[in-house]
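Sharing a structure, written as structure tokens. Questions coming.
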Protein chains: 2
Amino acid sequence: MEAKKENSRVIKAAQTKKRIYDSALILFKRHGFGTSVDSIVEMAGVSKGSFYSHYNSKFSLIIDYVNNLDLGYADFFTSLPSDIPPSSMLILVTEKIMDVIINDVGIDLIKLSYEAQITKTVNTDIQLSYDRKLYQIYNQIIQLGVQQGEFKSTLDIESVSKHCIMSIRGITYEWCIRFPDFDPKDEIIKHLNLLLSGIKKG
Amino acid sequence: MEAKKENSRVIKAAQTKKRIYDSALILFKRHGFGTSVDSIVEMAGVSKGSFYSHYNSKFSLIIDYVNNLDLGYADFFTSLPSDIPPSSMLILVTEKIMDVIINDVGIDLIKLSYEAQITKTVNTDIQLSYDRKLYQIYNQIIQLGVQQGEFKSTLDIESVSKHCIMSIRGITYEWCIRFPDFDPKDEIIKHLNLLLSGIKKG
DNA sequence: TTTAGTCACTGACTTTAGTCAATTATACAG
DNA sequence: CTGTATAATTGACTAAAGTCAGTGACTAAA
């Protein structure tokens, strides 16, 4: 990963990319994410080829946008009082995440993003860094739960954290395919409660 | 839902649909699921419009195919000895389902099918009937667990069944986006064990 | 300064999914 | 048997994503 020299060529390229990105955002807001690449490049005043030298696909741009949203999970987590039980932290953080997904990101973007992940014309690096932040939060909570004796000491903390995040993604996928007859916030809470307390007796 | 009379018109239409379907399968096997609709109708000797009067979209045909696979879950379930604990049944059935998904259906079809579910120009009725069968199996197992006293009597059986199936779908989605660096069978078992025993102490 | 090479950029082109008005074949009522 | 309604089928057409050989402005090395 070498930083490119800031010569005029590089600067112009960055300006072009930004023009494409900005035009896309305006058109997305105006006409939704079905906006064609043709209309984006027309508004940006560049050629189609230029679009594709900056973005691998139409999805790439959308994923760029999603990943640049500041979702503010980390802030929410650090703002939590530290004297509540870790199981409650888990629930609260997860509720917050679902709120953001439902209200700030929205069904259309989530669908596109999940579709892009499957078809993957897309560089997943940024997506993974997003995961890493989430993962750290869950890891901390579960570690805390084990330390404080609320959670089983036999837990594989890393694995459990990953499974919490997978549950969020799973429920969000379910939301995509069942929309609007599915309440993802309600369901993720039910799922977490199952994960916390288990199905088996004692 | 009225049964159509079997006049020659209906029979011919069914034959046309079958010719399209069979050609598609041959081409899918030969060139993968990227096969174009044009080449399918060329091989079937029908027009493109005809294709679209039988299938809403290219995905529809693929979904049709996936749903017509006899996945044999039900048989596997009924062949289980009835004296093993319900928690083991849950694990065994789920392992079987994952085996089928991984080996009989395969990553390419699963990806297409999951993509189709998200983009959904597609009639989900058949997908739902597939779910219904699975759902019945899980419902029975969990009911048995409650009756025999292995599972908590306070469980909402229907909700827990749904969440088991959602977990399968969630993990399968994860497999799609992480392939090949993800072992869905291993992970679904871990997830189920968490669901069964819980994270919290006693 | 010259010159070879790089890189953003161009736009016509290809590919493919999906549409729809027109056409043809069949069913059915009188 | 005749005319009319209905359903299946056609294929030219649209729309949109993505490609690629070519262009010229800019960089950097001699």
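Here is how names work: the chains are called A, B, and so on, in the same order as the sequence lines, proteins then strands, and each is numbered from 1. Note that the structure is a prediction, hence the values are computed from the model and not measured.
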Handout entry: Position toward the 5' end of DNA chain D (nearest nucleotide), A/Gly34 or A/Ser50
Key = A/Gly34
Problem - Whole-Å distance separating the CG atom of A/Asp38 from the C1' atom of C/dT10 - result: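 Distance, rounded to whole Å: 14 Å.
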Exercise for the section: Flag yes if more than 12 heavy atoms outside A/Lys58 fall under 6.0 Å of its NZ atom; otherwise flag no. Expected result: yes
Exercise for the section: Give a yes/no answer on whether the side chain of A/Ser57 brings an N or O atom under 4.0 Å of OP1 or OP2 in D/dA17. Expected result: no
Handout entry: Whole-Å distance separating the NE2 atom of B/His54 from the C1' atom of C/dG18
Key =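 It is 16 Å, rounded to the nearest whole Å.
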Practice task
Would you classify A/Ser36 as touching base, sugar-phosphate or nothing, given that sugar-phosphate means primed atoms plus P, OP1 and OP2, and contacts are heavy atoms under 4.0 Å?
Solution key: sugar-phosphate
Practice task
Kindly indicate whether the side chain of A/Lys48 and the base of D/dG18 share any N or O donor-acceptor pair separated by less than 3.5 Å?
Solution key: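 Indeed, a donor on one side and an acceptor on the other fall under 3.5 Å apart.
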Exercise for the section: Could you tell me whether the phosphate oxygens of C/dT19, OP1 or OP2, come under 4.0 Å of any side-chain nitrogen or oxygen in B/Tyr52? Expected result: no
Practice task
Would you check if the distance from the ring center of A/Phe28 to the ring center of A/Tyr65 is below 6.0 Å?
Solution key: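 Centroid distance A/Phe28-A/Tyr65: not below 6.0 Å, so no.
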Handout entry: Between CD1 on residue B/Ile91 and CE on residue B/Met89, distance to nearest 0.5 Å
Key =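 Here the interatomic distance stands at 13.0 Å.
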Problem - Watson-Crick or G-U counterpart of C/dT2, or none if no pair lies under 3.5 Å - result: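 In the structure as shown, C/dT2 has D/dA29 as its Watson-Crick or wobble partner.
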Practice task
Provide, to the nearest angstrom, the distance between the CD atom belonging to A/Glu42 and the P atom belonging to C/dG11.
Solution key: 13 Å
Exercise for the section: Name the closest nucleotide to the B/Ser53 side chain, picking from D/dA17, D/dA12, D/dT9. Expected result: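 Output: D/dT9.
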Exercise for the section: Write down the distance between CD1 (B/Ile20) and P (D/dA8), rounded to a whole number of angstrom. Expected result: 12 Å
Practice task
Verify the distance criterion only: is there a donor paired with an acceptor across the side chains of B/Ser47 and B/Ser50 at less than 3.5 Å?
Solution key: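 Their side chains do not contain a donor-acceptor pair, so the 3.5 Å distance test is not met.
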Exercise for the section: Look at the rings of A/Tyr55 and A/Phe51 and say which category their plane angle falls in: under 30° parallel, 30 to 60° tilted, over 60° perpendicular. Expected result: tilted
Practice task
Would you indicate which nucleotide in C/dC7, D/dT9, C/dC9 comes nearest to any side-chain atom of A/Arg9?
Solution key: C/dC7
Handout entry: For atom OH of B/Tyr55 and atom P of C/dT16, their distance in whole Å
Key =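 My rounded result for the distance is 21 Å.
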Problem - Atom-pair distance (NZ on B/Lys17; P on D/dT9), nearest Å - result: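 One finds 11 Å between P of D/dT9 and NZ of B/Lys17, rounded.
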Exercise for the section: May I ask you to verify if any side-chain N or O of B/Thr16 is less than 4.0 angstrom from the OP1 or OP2 atom of D/dT9? Expected result: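 Answer yes for this pair, as a side-chain N or O of B/Thr16 is under 4.0 Å from OP1 or OP2.
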Exercise for the section: Would you indicate which nucleotide in C/dA17, D/dC26, C/dT26 comes nearest to any side-chain atom of A/Ser8? Expected result: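 Selected nucleotide: D/dC26.
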Practice task
Could you tell me the separation between the CD1 atom of B/Ile40 and the P atom of D/dT9, rounded to a whole number of Å?
Solution key: 16 Å
Fill in the blank from the handout: From CZ of A/Phe51 across to P of C/dA8 the rounded distance in Å is 16 Å
Practice task
Using a cut-off of strictly less than 4.0 Å, decide whether A/Lys12 has a side-chain nitrogen or oxygen near OP1 or OP2 of C/dA8.
Solution key: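 No, because none of the side-chain N or O atoms of A/Lys12 sits under 4.0 Å from OP1 or OP2 of C/dA8.
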